[in-house]
Structures are given as C-alpha cells and as structure tokens.
Amino acid sequence: MSVLKRSHVRQLNPDIVQQRIIKLQEAFGADAVNSILSSAPELLDRKSERMVEYFRGLSQLLGAGDAFALEVVVRCPDLLGHRPEMVQMRLQNMAKVLQVDHAALLRLINKSPTVLKLNAAKVQQHVEFLAELGGLSPQQVYKAYVNWPVLMTISVPLLKARFAALARLLAASPEHMKKICRVFPNLLGRDPSQLDANLSLLAQQLGLPKERIVAFARNEPGLLSWNVSTLLSRIMATRSVLRLPPELALSLLAFNRPLLNRPELLPQKLQALQRVLGVTEEELYPLVHGYMTLLRFDTDSVEAKMACAGSLARLSERWSNDWSSLSVLSKVRTIQAGWSCHWRLVYLLQSGQAHSVSLLTALRISHQKFLTAFPDYLLWLHRWFFLRTS
C-alpha cells in the first residue's frame, strides 16, 4: 500500500499500522481504505475501532445506507475523526439555518461532503452574508450551495474581498451587484483576476474594446460563468457559420447564447430557413443577422409551423389571400409565433370568426389583446383539451 511509504506513517510501529489497516479493510474494503489513507494517512494515528465506530454513527445519522456513508468518507476521510454527536449538531444547525429537510441536506452532502466539517456558527454567518448580498432567502442560498458547492467552502472574508473586486472589475452599482449575486452567486467562487483576464481575452479575440466587453458582462453576467476557451471556440465557430461581422458578436452573446451550445447544428438550420422563407443565400444572412432568434428553433419546428399555418390558411378565403401574398418578414413572424398562437387559428376557424382578423394579426397580437377581442377563447381552449385528454 502506497500510504506505508509516507514519512509520517513510517514513524509509527509497523505492526500497529498493519493491524489498523487490516481492521479498516475488513470494515470498508481494500479499495476504499487505500483511497482514504492515501488522502489522509494521519488517520493511522487513530484507533481503527474508534474510526469504525464513528463511521457507524455517521451512517446512522445520514440514514442513507452504509454505501452512501462510505462514499462520503472516501471523499472526505477526515470525517472518520469526527464524533457523531458533533456531526449531528452540524446537521441540525444546517437544516435550521437553510430551512430545508433532511433529504435536501443529503443532496448537499452528496455534492460536497466537506460541509459536514463546517463550524455551525460559521455556516450561519456564511448563509446570512450570501442572503444579504443578493437578497436571497435561506432556501435560495441552499440552491446556490447545491449548484456551486465550492461557495460553501469559501470564508466570509474572502467572499467580501471577491465581491468588492468583482464590483470594481464590472464598474457595477450596488443594485447591479445585488442582481448579480442573486442570479449568479457562483461568480463569488471565481478568482476576480482570472475573470479580468477572461474579459481581456474576449475583447482581444472579438476585436472589440475591453470597455464594451465589461459593460456587456455587467448586464449579462452569465457570460462570466463560461469556460473562456470553450466560449471563444464556440463564438468563432458560430461567427464563421453565420458570417457575422465583429460588431454583431455581442448581440449574439446577449440574447442568443443558446446558439453557442450546438454550433454544429447551424448549417442545417440555415438550410431549412432558406427553404421555408424562399430567399437566396445572399438574402438569408442579413435576414438572420437581424432575427437571430430564428436559429433557436429546431429544423422540424420551423418547417412544422410554416406547414401548419399554410394548411389552416387554405381553410379561410381571407387567410388564403393573406398567405399567397405573405412577405418574407411575415414568414419570419409566423416562425417566431409560439405554438399557442397557432391554436388561435384553429379556434377562429372553428368558431367562424376567421374573416374578422388577418392571419398575421391572429398570430402576433398579445395574449391579452386576443382575449379582449375574443373573450370565449379560453373556454374553447379548455373544452378542446378536455375532449382531447378525456
């Protein structure tokens, strides 16, 4: 076992060390013990019987089975040196401070077993500080811990320092910082100097002044959550496929970040749009630059919306005329309309009111305006879905 080579362990009586290792292996298995002692060889200073006793107490406290408890101590071996009564006090305090049940605590422990070592008073101070920064409820702080476990391990003084550094980096007002901490508390877990370097790299690669990137990040702080190498490679790929000029790069990031998740799908989406809009390749790209939200829809959805609207239009004389003279921009609006708006067309046809409104207006007006003009629509919708599901 590699742990026997550690200088600290070599100072112990070899026979005692061997006996303790054997007893631990009998309790936890050879692989688990090797992992535990490789991370924390100092545990061999402790009696194996006591560590097994503490483990049994921990497993009983967690109430999720020995396998879960063993995974916890493999990832955080120091817990084998913590008395179960102390761990119980910490669990009770966390449940009280975060206002969550035991099952929720288990999810947090599964994310970061080291939380079981945290001092109760420090946990309360930590939660109160994060709650104050972002105007968060205790349950929202809990969700932040689950999503970004590293947050819980950062001291309050360091969080304060990072908060101040992030505010300076983004030249953000107190109100802006409160919003950032509410929505993206994970940014407090990042080194501000690294975030600064990331912004500089983005500005350089995008060919834009850093001030513009900083101003953009202030309003779109989610940008700072990305791995900068991944973000840059996807931006470059997306810009190339869409033939985007540099000045539109921020527009891409601002409202269309989902496009960066799967840039390899963009060529197929462009082909579908060109086909249903009936435009040339030269006409397509300027159109897409102005309406990049079109690229959020998958190919099947784009084609289905146009096919659905076209089929329904042929059932009304007025709409049929509308459809035959539909402009490219009107087709764009048809694709942008949600499926719930297409249900309006079915209602208007079935209720004999299709003549009273144009096809595009039916698709595009707000929900409230549509209900004002057609107050029985919701009742019709309820009956329709009731009949479909009964």
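We count residues from 1, following the sequence as given.
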Taking Ser39 for its side chain and Ser35 for its backbone only, find out whether a donor-acceptor pair lies under 3.5 Å.
yes
Could you tell me if the side chain of Leu294 sits less than 4.5 Å from the side chain of Gln336, heavy atoms only?
yes
Report yes if the side chains of Leu130 and Leu188 come closer than 4.5 Å at any heavy-atom pair, otherwise no.
yes
Cation-pi geometry met for Lys269 and Phe297 (6.0 Å, 45°):
no
Do His82 and Phe55 pass the ring pair (Phe, Tyr, Trp, His ring centres under 6.0 Å) test, and can you show the C-alpha distance, the side-chain angles, and the key distance before you say yes or no?
CA-CA 9 Å; His82 290 243; Phe55 171 79; over 10 Å; no
Can you check whether Leu363 reaches Arg344 side chain to side chain, under 4.5 Å on heavy atoms?
no
Side chains of Ile180 and Leu170, heavy atoms from C-beta outward: is any pair under 4.5 Å?
yes
Side chains of Gln353 and Ser351: is there a donor and an acceptor less than 3.5 Å apart?
yes
Donor-acceptor contact below 3.5 Å, side chain Gln140 vs main chain Ser137:
yes
Would you check if the side chain of Trp319 reaches a backbone N or O of Ala354 as a donor-acceptor pair within less than 3.5 Å?
yes
Indicate whether any N or O donor in one side chain lies under 3.5 Å from an N or O acceptor in the other, for Tyr142 and Gln99.
no
Can you name the residues that form a side chain to side chain contact (heavy atoms under 4.5 Å, CB included) with Asp191, not counting sequence neighbours?
Ser193, Gln194
Looking at side-chain heavy atoms only, is the closest gap between Val72 and Asn110 below 4.5 Å?
no
Is any side-chain heavy atom of Asn227 less than 4.5 Å from a side-chain heavy atom of Asn198?
no
Does Phe184 reach the side chain of Lys179, with side-chain heavy atoms less than 4.5 Å apart?
no
Short N-O contact, Glu71 and Arg75, less than 4.0 angstrom
yes
